[in-house]
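Below: one structure in structure tokens.
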Amino acid sequence: MTLLTVESAFAEQPLESAYADKVVPFLKRHCISCHGAEKPKGDVRFDGPAPDLTDPKVSEKWRMARRMLAQGEMPPEGKPRPSADELLAAMNWIEDAAARAAVVTRGGVGRRDRRAGSGNRARSSQGIGRCVGQVIP
């Protein structure tokens, strides 16, 4: 998969190996006991392979996890807290992987042709069709 093998702009190693080296151990220490195969809380699991963040549902799950980590909501009270370095490494990986996925899904791969006459049409609220190329240069 291209997304996970491209060299990270923010890390010293590719996303795929950073996931294996930094994120998987973090997940095992701080997440899997509640979000593993057996009765995953909130139907959220983090015990699988490296996530495909180009999938909107998967991306949202990981972005929510990042927000909860950043706000100190996870791991919950009573569970071992990650060190600052562990926490930053996991949060940075999620942010970097999500940014790369956004580039793939929004910025290049599968992008629509916006030239006049390309067949892509935008509809106004009055139902009048205009070629997207006339609306968006």
Side-chain angles (χ1 to χ4, degrees):
M1 177 177 167
T2 305
L3 172 67
L4 295 175
T5 59
V6 177
E7 187 73 30
S8 170
F10 304 110
E12 296 176 6
Q13 61 189 153
L15 285 174
E16 187 174 77
S17 64
Y19 181 80
D21 295 345
K22 306 231 189 248
V23 179
V24 168
F26 177 89
L27 295 172
K28 285 181 179 178
R29 277 192 295 277
H30 302 289
C31 306
I32 301 299
S33 65
C34 295
H35 299 286
E38 296 179 26
K39 296 184 182 181
K41 290 190 179 180
D43 288 328
V44 175
R45 289 181 61 180
F46 292 111
D47 60 338
D52 176 5
L53 298 185
T54 62
D55 178 327
K57 289 181 182 179
V58 172
S59 180
E60 181 53 34
K61 175 178 81 170
W62 281 84
R63 288 174 191 248
M64 180 177 289
R66 187 191 181 288
R67 284 190 298 273
M68 294 177 90
L69 289 168
Q71 294 169 356
E73 295 176 35
M74 288 291 152
E77 282 188 44
K79 297 290 183 178
R81 304 299 297 173
S83 71
D85 287 342
E86 286 179 303
L87 186 61
L88 286 173
M91 289 173 43
N92 286 342
W93 184 90
I94 295 168
E95 186 174 331
D96 195 19
R100 290 180 174 282
V103 168
V104 170
T105 58
R106 296 183 200 138
V109 177
R111 191 171 185 162
R112 289 187 175 179
D113 185 358
R114 294 188 173 168
R115 294 176 297 202
S118 68
N120 294 322
R121 300 216 174 263
R123 300 268 177 215
S124 71
S125 60
Q126 292 81 26
I128 302 169
R130 296 181 74 193
C131 184
V132 172
Q134 295 170 345
V135 179
I136 303 171

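Keep in mind that the numbers below use all heavy atoms, side chains included, and drop hydrogens, waters and symmetry copies. Every value quoted in this text rests on a predicted model; they were computed, and no experiment measured them. Counting begins at 1 with the first residue of the sequence.
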Could you tell me the separation between the CG atom of Leu27 and the NZ atom of Lys22, rounded to the nearest 0.5 Å?
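Rounded to the nearest 0.5 Å, the CG-NZ separation comes to 14.0 Å.
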Applying side chain to side chain donor-acceptor pair (under 3.5 Å), name anything that partners Asp47, two or more places apart in sequence or on another chain.
Arg45
Taking side-chain contact (heavy atoms from CB on, under 4.5 Å) as the definition, give me every residue that meets it alongside Ala98, ordered by chain and number, with sequence neighbours left out.
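Partners of Ala98 by the side-chain contact (heavy atoms from CB on, under 4.5 Å) criterion, ordered by chain and then number, come out as Leu53, Arg63.
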All pairs passing salt bridge (Lys or Arg N to Asp or Glu O under 4.0 Å) where residues 80-93 contributes a residue, at least two apart
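Qualifying pairs: Arg29-Glu86.
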Atom CG of Asn92 and atom CG of Leu87: how far apart are they, to the nearest 0.5 Å?
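Taking CG in Asn92 and CG in Leu87, the distance rounds to 9.0 Å.
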Just verifying a value: how many Å separate Cys31 SG and Lys28 NZ, rounded to the nearest 0.5 Å?
12.5 Å
Taking ring pair (Phe, Tyr, Trp, His ring centres under 6.0 Å) as the cut-off, I'd like each qualifying pair that reaches into residues 31-57, sequence neighbours left out, listed once.
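Those involving residues 31-57 are His35-Phe46, Phe46-Trp62.
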Report, one line per pair, each donor and acceptor closer than 3.5 Å where one atom sits in a side chain of residues 69-80; sequence neighbours left out.
none

Got a second to check how far Arg67's CZ is from Ile94's CD1, nearest 0.5 Å?
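Going from CZ on Arg67 over to CD1 on Ile94, the span is 10.5 Å.
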Output for pair (Asp96 CG, Tyr19 OH), nearest 0.5 Å, gives 14.5 Å
State the CD-CG distance between Glu16 and Asp21, to the nearest 0.5 angstrom.
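Rounded to the nearest 0.5 Å, the CD-CG separation comes to 10.5 Å.
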Show me the pairs that pass salt bridge (Lys or Arg N to Asp or Glu O under 4.0 Å) and involve residues 33-42, at least two apart or across chains.
none
